[in-house]
Amino acid sequence: MNLLDQFVLQHVQVSLLEARLLKTVKGSGSREARVELKLAPRPMKTDSGDEPPAYQVSATLSCEGGADDDDAPHFVARVGVEAVYQQIDGDPLDVTEFGSHHASLTRQLYPLLQQELRMLLIRLGLEQLRLPFDLPAKAEFQEGDTVRLSGAVH
């Protein structure tokens with residue numbers, strides 16, 4: 001089930017910007033980095049039982065890299081958003097069903113997070129790092145799981 005067929009993104013707000021750079025990055029070439037996306041949905045309280053449900057989704061995209069020795073550069077960059085989805089079509093979905101299909105929201109949330117993370121990496125002087133522009137079409141994971149986007153960034 002694709003939740004984007006029944007839900008509309010009503011509101012999105014940046015809730016997390018975190019960056020740590022222990023040393024400046026010198027040189028170019030490929031570096032290993034771990035890029036992960038996490039989603040955590042939860043129901044929102046509504047004033048009336050007649051309205052379709054709304055859910056808040058916390059989404060976090062992180063990129064961590066560096067080497068084991070102290071002479072190599074290290075960095076951590078993490079961004080997060082809070083997104084509110086309102087159901088506009090179909091029978092009302094309960095939190096369990098919404099949570100079992102929330103991975104379908106990644107196709108809409110990832111570009112927002114990718115842009116914020118890209119700007120954060122640039123501010124750290126990590127222009128050479130390239131994040132994936134899109135996710136696999138069939139990304140599926142459960143609450144608390146992560147999606148590994150790339151084993152290496154350039």
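Bear in mind that the values here come from a model prediction, so they are computed numbers and not experimental data. One-based numbering along the sequence shown.
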(Q) With side-chain contact (heavy atoms from CB on, under 4.5 Å) as the criterion, how do L117 and C63 come out once you've worked through the C-alpha distance, each side chain's angles and the decisive distance to 0.1 Å? (A) CA-CA 8 Å; L117 186 58; C63 182; 3.9 Å; yes
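- With a 4.5 Å cut-off on side-chain heavy atoms, L16 and V79 do not count as touching.
- Q56 is not listed as a side-chain neighbour of H11, based on a closest heavy-atom distance of 4.5 Å or more.
- Minimum interatomic distance between L37 and T106 (heavy atoms only, all atoms of both residues): CD2-CG2, 3.7 Å.
- Linking Ile, Leu, Val, Met, Phe, Trp and Tyr residues whenever their side-chain heavy atoms come within less than 4.5 Å places V12 and V57 in a single cluster.
- Note that CD of E82 is 5.0 Å distant from CZ of R42, once rounded to the nearest 0.5 Å.
- Shortest non-hydrogen contact noted between L39 and A103 is CD1-CA, 4.4 Å.
- When every heavy atom of Q6 is checked against every heavy atom of L93, the shortest pair comes out as OE1-CD1, 3.8 Å.
- The OG1 atom of T96 sits 10.5 Å away from atom NE2 of H101, with the distance rounded to the nearest 0.5 Å.
- Of all non-hydrogen atoms in P41 and G99, the two that sit nearest each other are CG-CA, 4.1 Å.
- Partners of E18 under the side-chain hydrogen bond (donor to acceptor under 3.5 Å, both in side chains) rule, at least two apart in sequence or in another chain, are R20, R78.
- In this structure, P53 and F7 approach most closely via the heavy-atom pair O-CE2, 4.0 Å.
- Considering L113, L112, L109, L120 as possible partners of L61, the one that fulfils the side chain to side chain contact (heavy atoms under 4.5 Å, CB included) test is L113.
- A side-chain donor-acceptor contact under 3.5 Å links Q86 to the backbone of P52.
- Atom CG of D91 is surrounded by 12 or fewer heavy atoms from other residues, nucleotides or ligands within 6.0 Å.
- For V81 against V14, the heavy-atom pair with the smallest separation is CG1-CA, 4.1 Å.
- Between R118 and E116 no salt bridge is recorded (no basic side-chain N to carboxylate O distance below 4.0 Å).
- In this structure, I88 CD1 and Q10 CD are separated by 10.0 Å, a value rounded to the nearest 0.5 Å.
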Q) Hey, mind stepping through Y85 and Q108 against side-chain contact (heavy atoms from CB on, under 4.5 Å) and telling me if it holds? A) CA-CA 11 Å; Y85 283 91; Q108 188 174 51; 2.8 Å; yes
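- Using cut-offs of 30° and 60° for the angle between ring planes, the Y55 and F98 rings count as parallel.
- To the nearest 0.5 Å, the span separating CG on L126 from CG on L21 amounts to 6.0 Å.
- Under 3.5 Å, the side chains of Y110 and Q115 contain no donor-acceptor pair of N or O atoms.
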Q: Before giving the answer on side-chain contact (heavy atoms from CB on, under 4.5 Å), spell out for E36 and E64 the whole-Å C-alpha distance, their side-chain angles and the decisive distance to 0.1 Å.
A: CA-CA 9 Å; E36 293 180 336; E64 299 180 23; 5.7 Å; no
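- Side chain of S104 to main chain of L3: a donor-acceptor pair is present (N/O by atom type, distance under 3.5 Å, no hydrogens or angles).
- Interatomic distance, CG of L124 versus CE of M119, reported as 11.5 Å (0.5 Å rounding).
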